[in-house]
Amino acid sequence: MSCTAFRTALSARVDGEALPPEVPDGALDAHLRRCPECRHWGERASELRELAARLDEMGREGA
């Protein structure tokens, strides 16, 4: 399976969505243990999600 499929699953995980059926949790976790590029991608995706949530919160406070 390609990193693209794992990154799609990781994106779902970061967003709190169900993983695609072809990428179970265990397979994603195993891939992340051995793929530093996907681990880094996941860290960046999490950071972006947190930043977007903070910006949304700031926008609601200013409204």
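For reference, positions follow the sequence shown, starting with 1. Computation of the quantities below employed the complete heavy-atom set of this structure, encompassing side-chain atoms and omitting hydrogens, waters and symmetry-equivalent molecules.
Considering CH2 of W41 and OG of S46, their distance stands at 9.0 Å, rounded to 0.5 Å. If you take CZ on R60 and CE on M58, they are separated by 12.0 Å, rounding to the nearest 0.5 Å.
When each of E43, R49, E50 is tested with V14 by the rule side chain to side chain contact (heavy atoms under 4.5 Å, CB included), just one qualifies, namely R49. Checking each of V23, T8, D29 against R13 for a side chain to side chain contact (heavy atoms under 4.5 Å, CB included) leaves exactly one that passes, namely D29.
Within a 6.0 Å radius of CZ in R44, other residues, nucleotides and ligands contribute 12 heavy atoms or fewer.
Between C3 and H31 the shortest side-chain heavy-atom distance falls below 4.5 Å. At a threshold of 4.5 Å between non-hydrogen side-chain atoms, the residues L19 and L28 count as touching.
In terms of heavy-atom proximity, E22 sits nearest to M1 at O-CE, 3.2 Å.
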